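Here the structure comes first, spelled out in structure tokens, and everything after it is commentary.
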Protein chains: 2
Amino acid sequence: MSTLAQNKADLERASTAQKVADMLRERVLLGELEPGLRLSEEAIGGALGVSRNTLREAFRLLTRDRILVHEHSRGVFVRRPTGEDVRDLYAARRVIECGALRLWNDVSDAQREAVRAPVRQAVARAEKNDFSRTGSANIQFHRGIVGLAGSARLSDESDRLFAELMLAFRVAHEVEAFHQTYLPWNRKIVELLNNGTVEQAVQQLDEYFDAAEQDLVSRLVAD
Amino acid sequence: MSTLAQNKADLERASTAQKVADMLRERVLLGELEPGLRLSEEAIGGALGVSRNTLREAFRLLTRDRILVHEHSRGVFVRRPTGEDVRDLYAARRVIECGALRLWNDVSDAQREAVRAPVRQAVARAEKNDFSRTGSANIQFHRGIVGLAGSARLSDESDRLFAELMLAFRVAHEVEAFHQTYLPWNRKIVELLNNGTVEQAVQQLDEYFDAAEQDLVSRLVAD
DNA sequence: GATTGTGGGATTGTTGAACGATTCTACGAT
DNA sequence: ATCGTAGAATCGTTCAACAATCCCACAATC
């Protein structure tokens, strides 16, 4: 009975701070609040009609998700990933996603399908010259890869990681267009997986990370 | 100039909430506050002489670290890991640590030494029948393995992971004695690494995880 | 006897105001 | 141009209050 679980999730969403945090997260990820911007407690709190204490609680939630950074007595800012952040990001992705991909032969069909499907969709869209959601398709592909590990905490951590990566894309002024470059890579990886050559797929993924990291770092504007 | 960086870290530690959180974390990890216990805002805040708002901020910090769990309108509780939590914990460790260990030949000597040293110390202590800090030595070993990845975010996430594991040990009524069983395994892994047979070391680590997970889950008392 | 209302009491969620501490800004001195 | 300083703006923390929610015990019902 999935409806009950869904209802429970809705009920738990009662917290005001949670709602404020969700709204702010969306605003940041959509680019309405750009990296480096300072979020004034008074201004935001006043505009949203919540008290400072509640707003600060929302800030804390987003700080945990690395969406915001907190500087003592200075306030909170939209995170602005540096080159070093991107390097760290990809070092983590290499370990997590390559490690997860190596489990390909040990996981359920549903898990494998979660990797294949996003690429299939992206290919279908690309053939119709529809590049609208190519970015989220790419992320879905990698989210599927992480899912092979079968660890909720790892998937959650990866979601935070992808969110931070989005911020880096924004700093690099590359949001949607950026991803579609890597569709051929994803196709190749799935192809290698279907052929049963898992280790080659892992190597391909590793090379993808090399290219993506270098590309992103080079486009990162210092300020 | 490491002293400057250290001073900076000290200065940034000014926040009251941070200090309260550190104190509570230590209390929990030392076992003075056992898993499942509810932490009353009034009681704790009164005892520590901080306001409810500040205490709630400390609670948020510890919730992010998975030390505490927050239930809406019910309060915060010391996390009490379930069997499913432990399973998830080890699924994550398998991917992260095995993936990191495979980088053995690509990392600096200092990073490799951070893996070897804890085992050497543990062996030296064991030969003197000193099993005092065998638990932290084991954790240092695995922390070193994660460090091979060279990602601060991965190391941080692993620290949170180890903290949660500590809580699981406590639920299983196995804190210090638990670890020393696995010293031989660690020795074997380092030995295989020194022989240059990295892939065998990874396999050995994987088997260690199987054994440790099974052992811990079986000792976990339901309630 | 087991289940289902129904209170009151305790605790959390949220707000608003207040004040000291820290940072930022702009202006003027050297 | 650099430095120092005063004032403004903002953050950190506390306090008090009230609404919302949960918990527990007791009564009502079948």
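All chains are named by letter (A, B, ...) in the order of the sequence lines, taking the proteins before the strands, and each is independently numbered beginning at 1. Keep in mind the model is a prediction, meaning the values are calculated, not measured.
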- [ ] Scan A:Glu41 against the nucleic acid and name what it touches under 4.0 Å (heavy atoms): base, sugar-phosphate only, or nothing.
- [x]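 The residue A:Glu41 makes sugar-phosphate contact but no base contact.
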Task: Exceeds 12 heavy-atom contacts within 6.0 angstrom, atom CZ of B:Arg27 - done: no
Open item on the list: Within a 6.0 Å radius of atom CD on B:Glu113, are there more than 12 heavy atoms belonging to other residues, nucleotides or ligands?
Closed with: yes
Separation of atom [atom1] in [X] from atom [atom2] in [N], rounded to whole Å:
X       : N      : atom1 : atom2 : result
B:Phe59 : C:dT14 : CZ    : P     : 16 Å
B:Glu57 : C:dT14 : CD    : C1'   : 15 Å
B:Arg56 : D:dC15 : CZ    : C1'   : 15 Å
B:Glu71 : D:dC22 : CD    : C1'   : 11 Å
B:Gln18 : D:dC11 : CD    : C1'   : 16 Å
B:Lys19 : D:dT14 : NZ    : P     : 10 Å
B:Ile44 : D:dT14 : CD1   : P     : 15 Å

Got a list of protein N/O to nucleotides 15-19 of chain C N/O distances below 3.5 Å?
residue: C:dT15; atom: OP2; partner: A:Ser51; partner atom: N; Å: 3.2
residue: C:dT15; atom: OP2; partner: A:Ser51; partner atom: OG; Å: 3.2
residue: C:dT15; atom: OP2; partner: A:Thr54; partner atom: OG1; Å: 2.3
residue: C:dG16; atom: O6; partner: A:Asn53; partner atom: ND2; Å: 2.8
residue: C:dA18; atom: N6; partner: A:Arg52; partner atom: NH1; Å: 3.3

Open item on the list: So that I know where these two stand, are A:His142 and A:Tyr208 an aromatic pair - ring centroids less than 6.0 Å apart?
Closed with: yes
TODO: Verify whether one side chain among A:Gln111 and A:Ser108 offers a donor that lies under 3.5 Å from an acceptor in the other.
DONE: yes
Open item on the list: Testing the 3.5 Å rule here: is there a donor-acceptor pair between the side chains of B:Asp85 and B:Tyr90?
Closed with: no
Do any N or O atoms of the protein come closer than 3.5 Å to N or O atoms of nucleotides 6-9 of chain C, and which pairs are they?
none

- [ ] Side-chain contact test, heavy atoms from C-beta onward, threshold under 4.5 Å: evaluate it for B:Phe169 versus B:Arg219 and give yes or no.
- [x] no
TODO: Could you walk me through whether B:Asp156 and B:Arg153 pass the salt bridge (Lys or Arg N to Asp or Glu O under 4.0 Å) test, one step at a time?
DONE: CA-CA 5 Å; B:Asp156 287 351; B:Arg153 75 186 301 137; over 6 Å; no
Task: Nearest listed nucleotide, side chain of B:Glu42, among C:dT11, D:dT21, D:dC11 - done: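 Nearest nucleotide to the side chain: C:dT11.
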Open item on the list: Regarding B:Glu34 and B:Arg80, does a basic nitrogen lie under 4.0 Å from an acidic carboxylate oxygen?
Closed with: no
Task: Side-chain ion pair, A:Asp22 and A:Lys19, N-O less than 4.0 Å - done: no
Task: Below 4.0 Å: OP1/OP2 of D:dG12 and any side-chain N or O of A:His70 - done: yes
